[in-house]
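First comes the structure, then the notes that go with it.
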Amino acid sequence: MVTDCKNYDFRKIEPFWQKKWLEEKTFHAENEGDGEKYYVLDMFPYPSGMGLHIGHPEGYTASDILARYKWANGFNVLHPMGWDAFGLPAEQHAIATGQHPSINTENNIQRFRKQIQSLGFAIDWDREIDTTDPYYYCWTQWIFLQLFKNGLAYVDDKPVWWCSELRSVLANEEVINGRSERGDFPVERKNLRQWVLRITKYADRLLQGLEDIDWPDSTKRQQIAWIGRSEGLELDFEIIPNGPKISVYTTRPDTIFGATFLVLAPEHEFVERVTTPENREKIKEYISNAKRKSDLERTDLAKEKSGVFTGRFAKNPFNGEPIPIWIADYVLISYGTGAIMAVPAHDERDFEFAQKFNIPVKQVIVSPQAQFRTLNNQNYRRFFNDSIEEDGSSESFPSEVYESEESHILPQAHFQTLNAPNYGKFFNDSIEEGGSSEPFLSEIYENDGPLDRDSEDVADSLPFCADGLLINSGEFNGLTTEEAKKQMAQRAEQLSFGKRAVKYKLRDWLFSRQRYWGEPIPILWIERSQYDRALAEKNAYFYDQIPADVVSYVKDGVEWCAIPIREEQLPLNLPETDTYLPSDNGESPLARMKQWLNIFVNLSTGDISMVPQTGFISAIRETNTMPQWAGSCWYYLRYMSPNCEKSLVDPRAEAYWRSPDFYIGGAEHAVLHLLYARFWHLFLYDIGAISAAQEPFRKLFHQGIILGSDGNKMSKSRGNVVNPDEVIQQYGADSLRLYEMFLGPLDAMKPWSMQGIEGVYRFLRRIWVLYVDGEGEMEEFLAEDDAAVDRLLHETIKKVTEDIEALQFNTAIAQMMIFINAAQKTGISHRTAVIFLQLLAPFAPHIAEELWARLGEAFSISKAGWPIHDASKLVRGQVKVVLQVNGKVRGEILVDSDATQEMIEEIAWQQSRFMGFLSGKRIIKKVYVPGKILNIVVNF
RNA sequence: GCUCGGGUGGUGGAAUGGUAGACACGCCAGACUUAGGAUCUGGUGCCGCAAGGCAUGAGGGUUCGAGUCCCUCCUCGAGCACCA
């Protein structure tokens, strides 16, 4: 059954097949199967009121091509779609209209579903999920309870980012340069009680896990930077005389002999104690100034350092030297120990500070290249000979730094560019066994003057922050940075004035939001005395559901303790209300709903009552909700068994699908979603909720952004927004899909062009005309293909297959265009017509399915197998060999593909034009690249 | 400032160290047409009548041969930004 179109009427063809795929559940995946499984995942969309953006189909088409390609290859493919539907816009709509956000959300989902379906994706719609569906967020809440139970969710009263515009707190990751990621509103620091997830406990595993997953480098780098692991030393500096010890953290203990002052953050606990009476006033003022500055100002004013001297000194544990203690706000209380040893010679910030306050700068590290940098041709050889021992070894250049694998170029070029890790290699490579140095021609070794290694010429410019060799560092002199770090750590630990330490930039994840439209946190608060009593009597229903350390906070002199809602009571539904606006004091709208808020709980059963009852005590509900990231942290698991009622994922389904084989989505989620989801996945793995894989996304890809035709980001205000519905109406879904893939490399930023889409539309129409005549009847196909077309077909099979595997869809489409251009001229056989459609189907499934059916083939082309190229058909009888003289093209000849170099030369000598370039010249060399190039090198 | 990733015709973009510009858009010419913003055919990097020369951000280097490898600089984009 096909449509009745005579021409390429995509408006009929596309809905026809979309309906059929839906009705027949063509792309339904079973949780078992004969074929190998393949799980293709798109980052699910937030169903905004704006409808589908033209950028959405880019990633979705890419994943759809893969899905259909894998179906054709006999895989059991899971390609699902769902909705990340909690979020701010729906809530703001609710605030504005007074209408429950679920209504608006549902409308948006309907629209998105319809739009996505109109693109003909091979999606299993039976597995559609919605994060705002209580049957879904039930399990989001369940995961939270497990985090709570395992001590990974706790409340904290530390300063958090507060955005008064959004009336909500934000996670560190959601704050960019002192403004909210969403909406770009200003944020400020505020002390609020908040739920926090202990993601820092997973810092090391989140780092290690990156090593063997196939992700874009930039995304890996971003996560590595965000986790910010550093190894260093915590060192004790004793306050003189006999004061307490200030612990500082440093990653550069090798520079400690250059420490000329010590800095405490203004919030450091020792500030009071170290300040001498005459400095007290000054310090007080400085601290209150620092406090007034927002974090934004503190970082914004980074150019100009500020600080005050405390009047006191501390003793350098390595050399006993007294160094002044300063207070300065360029040191952050939130990292390390909140105190640093400052080494101005080897740290830019310390240098800047020292310059401003006239503190001595003492160089203790020299760069080996400092000497190279200034050596001229006459001197460098001398320098070498002076440095190299008789046995060829080189004292100043320890072999440890001989690491990289570069080959050498010109000696001089090397000097300009060698960095510390490479210079040793250069030496070792250059020096012969006898101590001589071949690459350094003796002609340039002329100057007999003494080599002045101490002259100012060779000095490093300060601050010098790279690795190097130690000077002015007592017994550590001459060591490399690397070796010195080791030895100094050992020394510090032996004499117990320091210890090795690992620090992270990653902070715990601020997990609560003061919003209505989010998952309620399934926690109750009861008074400490009740909590303790229930535990002592061992009848608490939550006995084995709470962390080892009580989670509590104190308000108005009462300590409240967190207990979980019984798992069987999940989902904890959002209570109905008609006021969605958060209060401006940092409380969620839920806090206003007194009836819902104040309840009674039976501590032995976990039962909840709205009214007082015997055996029930009063409790308060947690009123914060979860951030939008919560639902997207585990949705890929829910797709595996979307209706499972017993657990978040059916263990059998999870064991079968394991984790997505391919994940595609925007690069804007590089740290947020992708870090949070990895954290939850590791946790779920640890508690045995899942078992198949420790990393959720083994292969990740970011599609690029599609810009407006003016090269700018699409935006309403610029008026360069392209509406996918209109494009589909005008050119069809196949054209849209094809065009977005043809635009350029998948990961590149590309400007949209309405003229460009005409090209792929013509391509599809030419295909139609090749198959169908003006009456809607199939064309008469050739009995046999032209040999060249046959070869081209096999080249096309090969190219399209390889390009799909490599995600190079633009060149795959170009190859299909080449094929059609040729086929149009000669005509094709029925067999070839069938094969070409199979190649086309993942890209333009509607027209392919239609023509497939018209050829009399069985539904559906997407399951009809994938053609394999015949290598023997690719062999050409004759090949073109390009003739070059000194690398310039001077002709070409057609020869048998098995021709030898001699035979080719013989033919070449007969080419008059070519010979013209050779006459009167002496042939120095002949370079023959088999079947491609004959290059004759001549002299004049 | 630091770290990455780019820079190729009028445009989007192709090119395992081996004929730079595939494919497409646009443009030019022609055909069919009452008509063409439909379709088809041919042409199209720049200079030059041609022979030929010049061309992948600029400059240098390695190589028989460089868009591709190395160095310096310019420039655009992304990320990070007092994390000691």
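Keep in mind that what you see is a predicted model, and the values were worked out from it rather than measured. A note on names: the letters A, B, ... follow the listed sequences, proteins ahead of strands, and every chain is numbered from 1.
Heavy atoms of A:S218 sit nowhere under 4.0 angstrom from any nucleic acid atom. Residue contacts shown for A:Q815 are absent, as no nucleic acid heavy atom lies under 4.0 Å away. Among the atoms of the strands shown, only primed sugar atoms or phosphate atoms (P, OP1, OP2) are found under 4.0 Å from some heavy atom of A:T250. Among the protein residues, A:S334 comes within range of no part of the nucleic acid, since none of its heavy atoms lies under 4.0 Å from any strand. Within the nucleic acid shown, A:E892 comes within 4.0 Å of at least one base atom, counting heavy atoms only. The residue A:V937 sits close only to the backbone: its heavy atoms come under 4.0 Å of sugar-phosphate atoms, none of a base. Residue-level contact check: A:M341 touches neither bases nor backbone, having no heavy atom under 4.0 Å from any strand. Residue contacts for A:V889: at a heavy-atom cut-off of 4.0 Å it reaches the sugar-phosphate backbone alone, with no base atom in range.
Checking the phosphate oxygens (OP1, OP2) of B:C64, a side-chain nitrogen or oxygen of A:K925 falls inside 4.0 Å. Proximity of A:R890 to the phosphate of B:G65: no side-chain N or O atom is located under 4.0 Å from OP1 or OP2. One finds no side-chain N or O of A:N935 lying less than 4.0 angstrom from the OP1 or OP2 phosphate oxygen of B:U63. Proximity of A:R762 to the phosphate of B:C25: a side-chain N or O atom is located under 4.0 Å from OP1 or OP2. Between A:K888 and B:C54 there is a side-chain polar atom (N or O) within less than 4.0 angstrom of OP1 or OP2. Dashed line: the shortest gap from a side-chain N or O of A:Y330 to OP1 or OP2 of B:A84 is not under 4.0 Å. The side chain of A:S230 contributes an N or O atom lying less than 4.0 Å from OP1 or OP2 of B:A84. Listed pair A:R765 / B:A38 fails the phosphate criterion, with no side-chain N or O lying under 4.0 Å from OP1 or OP2.
One finds a salt bridge joining A:E58 and A:K750 here, because a Lys/Arg side-chain nitrogen approaches an Asp/Glu carboxylate oxygen to under 4.0 Å.
Atom-to-atom, CG of A:D254 to C1' of B:A84 comes out at 13 Å; the value is rounded to the nearest Å.
Annotation: proximity of residues 807-814 of chain A to RNA chain B (heavy atom, distance under 4.0 Å) is found for A:N810, A:T811, A:A814, numbered in ascending order.
Pair assignment for B:U39: B:A31, on the basis of Watson-Crick or G-U wobble contacts that are both within less than 3.5 Å.
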